[in-house]
Amino acid sequence: MSSSNDSRRILITGGAGFIGSHVVRRFVKDSNYYVINLDKLTYAGNLDNLRDIENESNYEFVKGDICDEDLVHQLFKDHDFDGIVHLAAESHVDRSISNPLEFAQTNVIGTLTLLEVAKNNWKEGKNKLFYHISTDEVYGSLDEEGLFTEKTPYDPKSPYSSSKASSDHFVRAYGNTYELPYVISNCSNNYGPNHFPEKLIPLLINNIKKKESLPVYGKGENIRDWLYVEDHAAAIKLIFEKGRSGETYNIGGFNEWKNIDLVEFLCDLMDKKLDNEKGTSRKLITFVKDRAGHDLRYAIDASKLSKELNWRPSVTFEEGLEKTVDWYLENEKWLEDVTSGEYMKYYKEHYSKT
Ligand code: NAD
Ligand code: DAU
């Protein structure tokens with residue numbers, strides 16, 4: 001099926017992952033778009049995340065690597081893209097600590113490959129857009145006070161955040177040097193359906209279900225700013241359509257939680273959902289060795305996005321977390337499939353939480 005003349009043809013990378021699948025669905029449901037989803041299907045990519053839209057006439061999936069310049073070039077030739085929404089990445093901080101080269105390859109070289117192909121194909125850049133989805137971690141770590149704004153200097157501290165900061169710099173360099181039209185957004189911690197259970201919230205849900213211990217790094221005093229994934233996906237579509245070229249937008253939930261408070265809150269919610277006696281899940285909490293170089297606090301000032309594009313989170317944390325827990329309890333097969341795969345075996349061996 002080819003795209004109709006008046007639809008906007010876009011390349012979404014990493015669309016089989018957690019956030020990417022919500023973004024792909026949102027664009028595919030809008031018939032103004034024709035979407036090509038390019039994803040390598042690493043351990044984090046899962047086509048089950050997209051079963052409900054896989055047969056839509058304005059959607060195509062391509063299995064491949066963003067570092068494969070010939071493949072990306074061929075996709076540009078075949079589809080003459082109007083825009084790229086680039087999410088493909090290695091995304092887990094713990095993995096970046098034990099495997100930094102993989103992060104440099106996908107996050108830096110992969111992004112650079114996409115930029116190079118876009119630059120070479122978009123001779124007339126007008127009406128084109130390269131949108132890089134980035135993270136608040138590029139700004140480093142906050143003490144108790146203050147918020148990250150778009151003007152906060154970059155100060156990445158983990159191999160993951162360094163690779164994302166590097167790719168942000170390359171995107172801006174292509175804008176400055178070759179006039180490639182771009183936009184970047186830097187978002188806080190997402191949670192919601194289809195989140196791979198190596199990350200804190202789905203890991204807790206999975207372990208509570210299985211009555212396994214709940215590893216809390218250090219004293220659980222680190223703070224994160226949580227945003228429901230659908231609200232991030234909505235912000236991404238809005239920025240793609242209405243954001244100003246050459247700008248950066250911070251996206252966050254206005255929703256800071258100390259890890260231990262979040263863990264206890266989730267334990268109590270799970271007890272209610274599972275009809276457990278109150279306090280049952282909290283007994284599983286285990287304080288373990290801290291993450292190396294663990295950033296203390298992230299908190300986003302998303303007022304630019306609110307003021308310019310009128311975006312706000314649509315759900316409270318309590319509502320979003322309940323939707324998330326319900327989704328995991330209703331999608332046992334999804335959870336079973338991803339946790340019984342080879343990767344989770346590897347994960348358990350290599351990331352022992354003691
Ligand atoms: P994820 O790990 O769930 O998904 C990443 C996807 O990218 C997977 O489908 C994977 O198969 C694909 N991928 C990996 N390497 C690839 C390659 N070389 N070529 C093609 N595809 C490849 O990640 P996520 O949590 O959905 O994050 C998506 C993006 O959003 C990332 O760029 C991440 O840095 C950014 N981000 C994430 C969060 C968060 O809280 N999860 C917050 C802010 C920004
Ligand atoms: O801030 C945005 C970033 O949020 C994204 O760019 C990353 O892709 C995403 O993975 C996330 O990074 P974090 O490192 O903040 O997320 P994670 O879920 O791994 O950890 C959240 C907090 O919980 C962090 O302080 C570490 C802690 N933690 C995590 C795990 C997996 C634990 O205490 N125990 C755990 O087992």
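Ligands are counted one by one from 1 in listed order, and the atoms in each one are counted from 1 as well.
- Applying the side chain to side chain donor-acceptor pair (under 3.5 Å) test to Ser281 and every residue at least two apart in sequence or in another chain returns Asp271.
- Using the six-membered ring where Trp is involved, Phe265 and Phe317 have ring planes that are parallel, under 30° apart on the 30 and 60° scheme.
- In Asn259, the part holding a heavy atom less than 4.0 Å from any atom of ligand 2 is the side chain.
- Remark: Asn107 pairs with Ser163 by the side chain to side chain donor-acceptor pair (under 3.5 Å) rule, at least two apart or across chains.
- On a distance-only criterion, Leu200 and ligand 2 share at least one N/O pair closer than 3.5 Å.
- Counting heavy atoms closer than 4.0 Å to ligand 2, residue Ser188 contributes backbone atoms (N, CA, C, O) but none from C-beta onward.
- In this structure, the side chain to side chain donor-acceptor pair (under 3.5 Å) partners of Thr339, at least two apart in sequence or on a different chain, are Lys210.
- Defined by atom type and a distance below 3.5 Å, a donor-acceptor pair is missing between the side-chain atoms of Tyr217 and Asn222.
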Please produce the table of protein N or O atoms sitting under 3.5 Å from N or O atoms belonging to ligand 1, one pair a line, distance to 0.1 Å.
from	atom 1	to	atom 2	distance (Å)
ligand 1	2 (O)	Ser91	OG	2.7
ligand 1	3 (O)	Phe18	N	3.1
ligand 1	9 (O)	Gly17	N	3.0
ligand 1	9 (O)	Asp39	OD1	3.2
ligand 1	9 (O)	Asp39	OD2	2.6
ligand 1	11 (O)	Asp39	OD1	2.6
ligand 1	11 (O)	Leu41	N	3.4
ligand 1	11 (O)	Thr42	N	3.0
ligand 1	11 (O)	Thr42	OG1	3.2
ligand 1	18 (N)	Asp65	OD1	2.9
ligand 1	18 (N)	Thr106	OG1	3.4
ligand 1	19 (N)	Ile66	N	3.0
ligand 1	21 (N)	Lys40	N	3.0
ligand 1	23 (O)	Ser91	OG	3.3
ligand 1	26 (O)	Phe18	N	3.4
ligand 1	26 (O)	Ile19	N	2.8
ligand 1	32 (O)	Leu87	O	2.9
ligand 1	32 (O)	Lys164	NZ	2.7
ligand 1	34 (O)	Tyr160	OH	2.7
ligand 1	34 (O)	Lys164	NZ	3.1
ligand 1	40 (O)	Asn190	N	2.9

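- Side chain to side chain, Arg51 and Asn49 fail the donor-acceptor criterion of an N or O pair below 3.5 Å.
- Checked by distance only, ligand 2 and Ser91 come closer than 3.5 Å through their nitrogen or oxygen atoms.
- Under 4.0 Å from ligand 2, the heavy atoms of His294 that appear belong solely to its side chain.
- Near Val216, the atoms of ligand 2 lying under 4.0 angstrom from a non-hydrogen atom of the residue are 33 (O).
- Residue Lys199 approaches ligand 2 through these ligand atoms, each under 4.0 Å from one of its heavy atoms: 10 (O), 18 (O).
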